[in-house]
Every structure is written in structure tokens, then in C-alpha cells.
Amino acid sequence: MSTIVHVILSGGVGSRLWPVSRKSMPKQYIPMFGDKSLFQMTAERNKNFVSQTLVVGNKDNYLLSQADMFRADIGHYEEIIEAAPRNTAAAIAFAAFAVAPDDVLLVTPSDHIITNEIAYARSISEAVRFASEGYLVTFGINPTKPETGYGYIEFEENSVRSFREKPDALTARFFMESGNFLWNSGMFCFQAGTYLEELNAFEPDIFQTSYEAYCNRRDSLLPDGLTMQIPSKSIDYAVMERSEKIKVVKADFGWSDLGSFESIWEHWETQGENHRFISNNCVVGSTKHVEFLGVDNVVLVETSDAILVLDKGSSQDVKKIYERLEKERPELVQ
């Protein structure tokens, strides 16, 4: 009987949540939910579905991951530490090399939230069944609004007809109204051997260079030089959009990637959490008295060294500020 392995991908800096999320403390490690982080909640949510947990992170954040695994009360797990991020196709390959070919990998990002645990369990069970039959399974989220910050999956029952890039507002509205599209969640489920076979067929360079880096690791750490030879490509581009073995599980388990201040605002409102909403505006981080006059849908974010004021509808563009500051004021993104 194959083992189910939870693979937690812990890369990413959450640039659309600057200045709260930084390179030294990405969003998945920030204790935004009581005293828990998204990473800790991810580990806890899945530990009862799996026999083993494997964390793929990088040398800049693995100590944060270890601390959250301790808080999640998961004492036995494997760890693969990347010398530098090389995107998800390689990260998942490392995990697949670490287990038996018929083991089922449940691959999840570490920075998403899920609110309906019962529906989530049903979706995991369905995905594991498809994965055991040799399919590469992706999870598609039933859209609740015409979101422009997510990729979409065109589907028919459990079959994938196409993958679509992040759309403009008009296209997103068409996708939602058609009923034939799901948000691409970035969650996957498949047997390790099936994934590696497809990766080798479509991207042999990624397969081979990832394998060489994995074989030359020291303890859990992958080598710098060999890591940088790995082409950087997402699993979507490398495999999922090209394979004939794809299935999609349509899910409705209260999912959000909490990747922007707009999505955090909506999550807080949906869950009835008592955060600082003032005159249809939102305050994040500041402990000062704040007044708003003549404006609404504004988010004010304060940290010790930066203040960000934005219209809620411009949340996706915070990444542009982050990218500019990386060049002009790198100390503000560290």
C-alpha cells in the first residue's frame, strides 16, 4: 500500500503584502491568526491525512519552517533545503526523489487558508483516489468573484480542458459567469513516479539537473552550484499544461491564498473577525488612533519602518512597489 506524503512548499516572499511581509519574515510565517501562522495551520490541517510530511524550503527560511513544525507538534518529518529557489517544478521533483515511486504526494503551498475542513477532507480523498489510478490531480476552486489575481482552469466534470493565465477584469467576469472555470489553487496530488515520468518526458533538463542536485545534497542542504543549473519553471508550465494524465477536483472548501490586502480584508469580513475596520476602511498593523475622512475602500498598513496607503482594488499592484524597492531601497524589503 502506497504512503501518502504531505509536501509543504515554503518558498515565496508574499510581495503583495509588503510592508508586513518581508524576505526575513514572509507572510506564511507571520502569526496572523491568533498565535498561529499560515505555515503552522497548513501543517496541522494535513497531518491526519498523511503518513509522512516533507518540507521543501530554502536556506533563508528553513529555521522559520522548523519552528512552525514544532508548534504544529510534528516531530518527525523530512526536509529539503534549496540553496536558491528554482520554482515549483524542481521543488516538487526533489520531494518525489525522496520517496518511493508509488507514494502519493499531496503538494500544498504553505501560505493558503482553508475554512471548511469537512469539505477539504472530501476533496483530499477524491484526489488520492485519482492519484492512485495514475493521474496528476490539480485542485480547482469554485470562484466566488471575477478575481484577476489567480490563474483559471477550464474544466468539464473531472477533465481539464485548458489552463488560463491571470485574466483582465472583463475576461475574469466571463470565466465566472460561464460556470466552466475554476481558480487554480496551486495544490496537487499524484504518485511520485508518475510526476517524475512526466517531468522527464517534457522537461528532461529540469529532471536531470534536479536529480544531480538532489544526489549531491549534504544532509538536507542542496549544493549552490548544481542548484543554479536547474531551469526555473513552474509545475504548471513544465508538466500540468502539457500532460494527458490530468484530472481536476472541483473544490469548495473556503480557500484563499491571502495573497493581497484585499483578500485578507475579505477573509476577515467573511469570518467575522474583529479587526480594525473604520468607515469602510481597514487598518493593518498600526496601534495609533486613525481617522479617515472622505475616502472608503482604503487600506492603511503600518510597520516600524514603513507606511503603505492603498485603495483596496489596487492590492495586486503592491508587488510593483516591492520590486521597485528591491532596487532602490533593498533594506525595506529585508
Side-chain angles (χ1 to χ4, degrees), residues 5-13 26 28 54-62 65 78-101 103-112 127 130-131 134-140 150-153 160 162-166 184-217 220-248 257 259:
V5 181
H6 181 205
V7 179
I8 305 178
L9 303 180
S10 64
V13 297
Q28 60 265 35
L54 196 160
V55 180
V56 183
N58 62 65
K59 63 182 181 182
D60 295 327
N61 65 17
Y62 76 96
S65 297
E78 300 297 322
E79 190 173 36
I80 297 173
I81 303 170
E82 297 174 298
R86 303 310 295 162
N87 220 312
T88 52
I92 297 168
F94 299 142
F97 290 135
V99 302
D103 284 347
V104 173
L105 304 182
L106 172 61
V107 182
T108 73
S110 58
D111 56 356
H112 295 180
F130 280 129
Y135 292 104
L136 303 176
V137 183
T138 184
F139 293 79
Y150 302 148
Y152 284 72
I153 300 168
V160 174
S162 68
F163 290 87
R164 302 295 184 92
E165 299 288 340
K166 296 176 182 178
N184 190 344
S185 70
M187 294 173 53
F188 308 95
C189 188
F190 36 66
Q191 289 181 320
T194 303
Y195 173 70
L196 291 176
E197 288 171 3
E198 295 293 272
L199 180 65
N200 193 32
F202 296 118
E203 295 286 348
D205 286 348
I206 295 178
F207 177 94
Q208 189 59 42
T209 53
S210 298
Y211 184 67
E212 290 176 7
Y214 178 79
C215 289
N216 284 277
R217 69 194 184 283
S220 300
L221 181 63
L222 302 176
D224 287 344
L226 292 176
T227 293
M228 295 310 297
Q229 295 178 24
I230 302 171
S232 179
K233 188 171 286 191
S234 72
I235 181 178
D236 294 286
Y237 289 140
V239 175
M240 302 301 287
E241 295 185 7
R242 300 156 78 178
S243 176
E244 298 295 325
K245 299 180 178 180
I246 307 299
K247 291 288 186 183
V248 62
D257 74 341

| note | Residues passing the side chain to side chain donor-acceptor pair (under 3.5 Å) test with S65, sequence neighbours excluded, are Y29

| field | Within 6.0 Å of CZ in F130, more than 12 heavy atoms from elsewhere | value | yes

| field | Closest contact, heavy atoms only, N61 versus Q28 | value | ND2-NE2, 4.4 Å

Identify all side-chain donor-acceptor contacts of residues 220-228 below 3.5 Å with residues at least two apart in sequence or on another chain.
{"from": "S220", "atom 1": "OG", "to": "E79", "atom 2": "O", "distance (Å)": "3.2"}
{"from": "T227", "atom 1": "OG1", "to": "P223", "atom 2": "O", "distance (Å)": "2.6"}

| request: Tell me, please, which residues at least two apart from P85 pass side chain to side chain contact (heavy atoms under 4.5 Å, CB included). | output: N58

| message | Test of understanding: with side chain to side chain donor-acceptor pair (under 3.5 Å), list the residues that count as partners of Y195, not counting sequence neighbours. | response | none

| Partner residues of A91 under the side chain to side chain contact (heavy atoms under 4.5 Å, CB included) criterion, sequence neighbours left out | L9, V56, E82

| task | Dump the intermediate steps for side-chain contact (heavy atoms from CB on, under 4.5 Å) on F188 and V239, then the final yes or no. | result | CA-CA 12 Å; F188 308 95; V239 175; over 6 Å; no

| task | Just jot down the side chain to side chain contact (heavy atoms under 4.5 Å, CB included) partners of Y214, sequence neighbours excluded, or say none. | result | I80, F94, F97, A98, R217

| request: Decide side-chain contact (heavy atoms from CB on, under 4.5 Å) for L105 and F190; before the verdict, give the C-alpha distance in whole Å, the side-chain angles of both, and the deciding distance to 0.1 Å. | output: CA-CA 5 Å; L105 304 182; F190 36 66; 4.1 Å; yes

| query | Which atom pair, heavy atoms only, marks the closest approach of V248 to G140? | reply | CG2-N, 3.7 Å

| note | side chain to side chain donor-acceptor pair (under 3.5 Å) filter on T108, not counting sequence neighbours, yields H6

| request: Mind listing the closest non-hydrogen atom pair of I235 and T88 along with its distance? | output: N-OG1, 2.8 Å

| Between N87 and Y237, does any side-chain donor sit less than 3.5 Å from a side-chain acceptor? | no

| message | Could you measure the distance from the CD atom of E244 to the OH atom of Y135? Nearest 0.5 Å is fine. | response | 11.5 Å

| task | Enumerate the residue pairs fulfilling salt bridge (Lys or Arg N to Asp or Glu O under 4.0 Å) with a member in residues 227-243, sequence neighbours excluded, ordered by first and then second residue. | result | E203-K233, E203-R242

| message | Can you list everything that forms a side chain to side chain contact (heavy atoms under 4.5 Å, CB included) with Q191? Sequence neighbours excluded, please. | response | D102, V104, T194

| Do P231 and T209 have side chains that get closer than 4.5 Å, going by heavy atoms? | yes

| By side chain to side chain donor-acceptor pair (under 3.5 Å) - contacts of E78 (at least two apart) | none

| task | Would you please test F139 and C189 for side-chain contact (heavy atoms from CB on, under 4.5 Å) and show each step? | result | CA-CA 8 Å; F139 293 79; C189 188; 4.1 Å; yes

